[in-house]
Amino acid sequence: MGDDWRADRIGSALRGGNPTVLRRLEAGFAVIGDVQFLPGYAVLLTDDPAVQRLSDLPRHARLAFLSDMDRLGEAVERACTRLDAGFRRVNLEILGNTDGFLHAHVWPRYTWEPARLVGLPVWLYPRDRWTDERYALGPEHTAVREAIGEELDRLGG
């Protein structure tokens with residue numbers, strides 16, 4: 001399929017061509033993260049590429065997006081608890097500093113993370129975690145991907 005979907009993550013999700021999509025939710029798409037140095041990392045993408053920030057949405061749509069973020073966060077928490085005894089918590093973030101469309105990061109955090117990093121924001125992890133192919137999303141992440149999808153289904157809409 002190539003990486004062309006990366007240039008238009010939302011459009012490709014709307015067209016059914018984004019391979020990271022886990023589920024279509026009410027206000028967007030739950031996707032598995034491109035990097036998995038913290039297994040279970042997921043992102044909620046808005047379903048409207050023109051929306052740049054949460055405040056761009058009317059109140060009902062804003063609440064739907066936040067509800068979807070909560071649902072994805074709980075699904076990641078349940079899946080990671082089931083798959084890894086070292087799971088600690090989930091961090092939820094809406095940043096918007098790099099990508100110009102509304103999205104929310106769902107980061108699982110673990111007891112096995114390096115002591116110097118475990119209490120810091122994920123963004124302070126060394127650059128190689130973001131770029132090294134060892135951490136890229138791949139077939140070895142099928143179990144966590146499926147577990148998050150199953151939990152999203154259990155949590156319903």
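One is the number of the first residue; the rest follow in order along the sequence. Atom set for the values below is all heavy atoms of this structure, side chains included, hydrogens, waters and symmetry mates excluded.
- Not counting sequence neighbours, the partners of E113 by the side-chain contact (heavy atoms from CB on, under 4.5 Å) test are L38, R109, Y110, V118, Y125.
- Applying the side-chain contact (heavy atoms from CB on, under 4.5 Å) criterion to L66, with sequence neighbours excluded, gives L54, M69, I94.
- Remark: D48 CG to L102 CG distance equals 9.5 Å, nearest 0.5 Å.
- When every heavy atom of P39 is checked against every heavy atom of P108, the shortest pair comes out as O-CG, 3.2 Å.
- Residues passing the salt bridge (charged side-chain N to carboxylate O under 4.0 Å, His left out) test with E74, sequence neighbours excluded: R78.
- The aromatic rings of Y41 and H105 lie parallel to each other, their planes meeting at an angle below 30°, with 60° marking the opposite boundary.
- Counting heavy atoms from C-beta on, the side chains of L117 and P126 come closer than 4.5 Å.
- Residues A27 and D68 share a closest heavy-atom pair of N-OD2, 2.6 Å.
- Every side-chain hydrogen bond (donor to acceptor under 3.5 Å, both in side chains) that E150 has, sequence neighbours left out, goes to R82.
- Atom OG1 of T46 is separated from atom CG of L57 by 5.5 Å, given to the nearest 0.5 angstrom.
- The minimum heavy-atom distance linking V76 with A42 is given by the pair CG2-CB, 4.0 Å.
- Using a 4.5 Å cut-off on side-chain heavy atoms (C-beta onward), R24 and D47 make contact.
- L95 CG to H103 NE2: the interatomic distance, rounded to the nearest 0.5 Å, is 6.5 Å.
- A distance of 9.5 Å separates OG1 of T142 from CD1 of I32, quoted to the nearest 0.5 Å.
- Remark: R88 pairs with no residue by the side-chain hydrogen bond (donor to acceptor under 3.5 Å, both in side chains) rule, at least two apart or across chains.
- When the side-chain hydrogen bond (donor to acceptor under 3.5 Å, both in side chains) test is applied to R23, the partners found at least two apart in sequence or on another chain are D153.
- Taking all atoms of both residues into account, the shortest heavy-atom contact from G28 to L44 is C-CD1, 4.3 Å.
- Annotation for L25 and A30: closest pair CD1-CB, 3.9 Å, computed over non-hydrogen atoms.
- Scored by the side-chain hydrogen bond (donor to acceptor under 3.5 Å, both in side chains) test, R154 finds E151 as partners (sequence neighbours excluded).
- Separation of atoms CG (L72) and CD (E77) is listed at 11.5 Å; rounding is to 0.5 Å.
- Nearest approach of G73 to L92, heavy atoms of both residues: CA-CD2, 4.0 Å.
- Listed by first then second residue, pairs satisfying ring pair (Phe, Tyr, Trp, His ring centres under 6.0 Å) with a partner in residues 44-67 number zero, not counting sequence neighbours.
- Sorted by first and then second residue, the salt bridge (charged side-chain N to carboxylate O under 4.0 Å, His left out) pairs involving residues 90-101 (not counting sequence neighbours) form an empty list.
- The backbone N or O of L63 lies less than 3.5 Å from no partner atom in the side chain of S67, so there is not a single donor-acceptor pair.
- With sequence neighbours excluded, the residues that form a side-chain contact (heavy atoms from CB on, under 4.5 Å) with R9 are W5, R6, N18, D34, L45, F101.
- Side-chain atoms of F37 and V122, non-hydrogen and from C-beta on, do get closer than 4.5 Å to each other.
- For residues 114-133, the set of pairs meeting the salt bridge (charged side-chain N to carboxylate O under 4.0 Å, His left out) definition, not counting sequence neighbours, comprises D132-R134.
- H141 pairs by the side-chain contact (heavy atoms from CB on, under 4.5 Å) definition with Q36, L137, V144, not counting sequence neighbours.
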